[in-house]
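Just so we're on the same page: letters track the sequence lines, and every chain starts at 1. The figures here come from the full heavy-atom set of this structure, side chains too, leaving out hydrogens, waters and symmetry mates.
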Amino acid sequence: MKRHWLWVLLPLLLAGVLGFVISRVGSFNPTVYLRAELSILTQICGVGLALLLAGWFFVKDYSEAARQSTREESKTQTDEDRRHFLQRLDHELKNPLTAIQAGLANLGERLDSQTLESINAQTQRLSRLVMDLRKLSDLETRPIEFTLVNLAEILKTVAGMTEESRCVKGIKLTLNLPQAPWPLPLVSGDGDLLMLAFHNLLDNAIKFSESGDTVEVRAFEDGTMVVVEVADTGPGIPEEELPHVWEELFRGQGARGISGSGLGLALVRVIIERHHGQVNLRSRTEQGTMVIVRLPLIDHQK
Amino acid sequence: MYKVNPLILVVDDEPDITTNLAAFLQRTGFLTRTAADGEAALEEIQQEPPDLVVLDVLMPRLDGREVLRQMRKAGNWMPVILLTQVGESFERAMALEEGADDYLNKPFDPHELVARIRAVLRRARPGEPPLSASWMLVSGALRLERRSRRVYLQDQELVLTPKAVLLLEYLMTHPDELLSRQRLLDVVWGWEYPVGSRAVDTRIAELRRAMDDDAADPRYIETVPGQGYRFIGCVEGRS
């Protein structure tokens with residue numbers, strides 16, 4: 001029951017009390033309408049008003065619920081359509097790619113030129129894209145293997161994995177994991193997938209930053225959620241691009257010339273949402289970007 | 001050891017795939033024939049039995065899965081490598097359960113196909129069901145029951161994650177074969193990813209811990225430095 005339904009009681013109680021008081025006082029209780037005493041009339045008014053309010057709330061709640069359910073229905077429908085589209089695309093792309101790869105393997109020794117090398121590289125790129133698309137549609141439906149996961153360890157591992165790319169570009173990383181009053185609690189999830197998600201986020205932060213920039217990874221818990229922030233002092237994302245960053249294959253203006261499939265953040269979103277978590281991104285151009293990941297604490301899991 | 005020039009039947013409804021793959025296989029020393037659908041494949045198999053069949057799953061008329069089922073039902077244990085179409089794990093598990101010797105996800109590196117073909121031919125004992133068609137795999141004190149997904153060591157059930165069981169199943173059905181981390185990742189996940197080789201190492205460590213297998217002196221899983229893993233126990237299949 002929603003809280004606003006309590007308002008229905010208000011006229012009922014008010015009229016009840018008022019009518020009772022009037023009838024008790026006795027001196028001021030004229031017959032006002034249809035020979036009914038004022039006390040009775042007040043009470044009838046109260047009941048009427050309560051009924052009216054109840055009716056109004058009912059209609060409002062009902063139509064809202066109806067609207068919501070159509071919205072949810074159409075969202076599930078869209079999700080389903082999109083998944084089918086991804087599967088079909090995957091299916092239509094992998095046969096030509098298999099043929100091209102076999103053809104290229106045949107050319108192998110006959111044509112050892114730059115051209116062949118670049119065709120090979122582009123074919124590899126397409127194959128990777130197909131694989132990423134498959135990952136995405138697979139991740140949306142495959143059952144998640146939930147175990148206890150130490151996020152702090154995952155963040156340390158991921159930080160270690162990016163060491164080389166950071167050193168080459170000259171980017172400073174600080175990893176801030178809480179120790180007091182207690183360390184980061186365990187979360188429930190698939191360690192492989194969470195590692196993939198945080199790897200993608202850190203990889204992005206480094207990829208889009210330049211020499212001298214700083215990347216910060218902070219993790220803490222707020223009583224209901226574990227929050228991980230991956231922040232950078234990179235170029236930031238223009239405001240008009242922000243609504244699209246989580247979409248598949250979206251690549252912003254700033255991403256031109258930087259390698260990537262445009263599926264990295266989409267994968268992060270799917271992984272975190274499959275873990276009953278949330279993702280957010282805040283960014284200011286010329287200042288930097290921060291991705292905020294929230295994962296439910298074990299006691300607060302839905 | 002297998003013949004010098006084994007005959008491979010390549011079955012796929014895309015002529016560009018069969019032509020190019022056949023040409024590549026010939027260049028690497030195989031004899032080849034091709035078929036464009038399941039019915040044609042069954043005819044080819046009857047007329048001139050190949051040493052191995054590379055079989056696409058989605059085909060008109062008779063799909064690869066049905067071809068495989070009919071072959072196995074008729075007691076034909078000719079080695080088969082399935083080219084699966086769907087990356088989903090149940091599909092991969094099915095491929096092994098239905099008696100395919102191995103499988104690959106499209107698109108694949110043709111060199112990987114050659115490696116798979118060689119490994120399958122080396123392992124195959126003509127006329128006998130492959131390990132992948134057995135419901136129970138036994139290696140010394142280790143027993144994997146595939147239908148119930150349970151693993152026992154000295155009759156004690158081991159507590160393993162489903163992914164670790166999947167990994168052990170693939171290792172045990174491909175004994176004495178060097179399996180790269182990428183290949184194992186593809187087996188467990190259906191796709192590779194940047195941090196994946198670590199995920200394989202974690203599962204191997206989980207298996208070793210549970211099976212009490214010493215990495216320095218292994219009974220079951222051997223690490224091949226810089227290359228991958230190999231199941232070194234002798235595996236026996238029971239139905």
Side-chain angles (χ1 to χ4, degrees), chain A residues 86-87 90-91 93-110 120 123-124 126-139 141-147 153-154 157-158 160-162 165 190-200 202-203 264 267 271, chain B residues 10 12-28 54 56-59 83-92 104-114 160-166 185-186 188-203 206:
Chain A
L86 282 182
Q87 274 162 4
D90 179 39
H91 181 76
L93 287 176
K94 67 180 118 187
N95 269 339
L97 272 169
T98 306
I100 293 172
Q101 283 196 353
L104 277 171
N106 276 327
L107 282 176
E109 286 139 34
R110 252 180 284 165
N120 225 334
T123 312
Q124 294 298 327
L126 266 178
S127 300
R128 261 199 308 279
L129 180 69
V130 169
M131 202 160 67
D132 279 353
L133 283 174
R134 187 178 312 161
K135 267 187 237 180
L136 203 63
S137 65
D138 189 34
L139 277 178
T141 49
R142 81 151 63 206
I144 302 276
E145 207 176 277
F146 282 98
T147 52
E153 282 306 315
I154 286 187
T157 311
V158 169
M161 273 188 278
T162 56
S165 55
D190 184 313
D192 294 353
L193 291 182
L194 290 174
M195 194 180 287
L196 174 61
F198 289 112
H199 176 271
N200 277 3
L202 198 55
D203 194 50
L267 275 171
I271 291 173
Chain B
V10 183
D12 196 306
D13 57 323
E14 288 267 348
D16 283 330
I17 291 179
T18 46
T19 324
N20 279 310
L21 269 187
F24 181 70
L25 291 178
Q26 280 164 21
R27 277 160 31 83
T28 36
V54 176
D56 186 33
V57 169
L58 277 193
M59 284 184 300
L83 304 181
T84 50
Q85 283 281 356
V86 188
E88 280 171 25
S89 36
F90 84 90
E91 187 96 2
R92 281 173 277 131
L104 271 178
N105 274 320
K106 279 183 176 179
F108 52 83
D109 178 358
H111 297 94
E112 179 66 26
L113 177 65
V114 170
L160 291 169
T161 57
K163 265 184 253 155
V165 177
L166 203 61
L185 199 60
D186 197 34
V188 180
W189 282 101
W191 31 263
E192 297 170 32
Y193 59 99
V195 292
S197 52
R198 252 165 222 274
V200 173
D201 295 342
T202 320
R203 300 289 163 182
E206 178 192 340

Looking only at heavy atoms, what is the nearest atom pair of [X] and [Y], with distance?
{"X": "B:R27", "Y": "A:A105", "result": "NH2-O, 3.2 Å"}
{"X": "A:T98", "Y": "B:P107", "result": "OG1-CA, 3.4 Å"}
{"X": "B:N20", "Y": "A:A102", "result": "CB-CB, 3.6 Å"}
{"X": "B:D109", "Y": "A:Q101", "result": "N-OE1, 3.5 Å"}

Task: Heavy-atom side-chain contact between B:K106 and A:L97 under 4.5 Å - done: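 B:K106 vs A:L97: side chains apart.
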
Open item on the list: Given 3.5 Å as the limit, does a donor-acceptor pair link the side chain of A:D192 with the main chain of B:A199, or not?
Closed with: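 Not at all, since once roles are kept as given, no pair shorter than 3.5 Å links the two residues.
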
Open item on the list: Rounded to the nearest 0.5 Å, what separates atom CG in B:D16 from atom CD1 in A:I100?
Closed with: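 It is 9.0 Å, given to the nearest 0.5 Å.
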
TODO: Enter the distance from A:M195:CE to B:T202:OG1 here, rounded to the nearest 0.5 Å.
DONE: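 Taking CE in A:M195 and OG1 in B:T202, the distance rounds to 6.0 Å.
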
Open item on the list: Heavy-atom pairs under 4.5 Å with chain A - which of B:E14, B:K163, B:R198 has more of them than the others?
Closed with: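 Ranked by contacts with chain A, first place is B:K163.
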
Open item on the list: If I measure from the heavy atoms of chain B, does A:T157 come under 4.5 Å with its side chain, its backbone, both, or neither?
Closed with: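 A:T157 touches chain B through side-chain heavy atoms alone.
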
Open item on the list: What part of A:E145 gets within 4.5 angstrom of chain B, counting heavy atoms only: side chain, backbone, both, or neither?
Closed with: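 Side chain only.
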
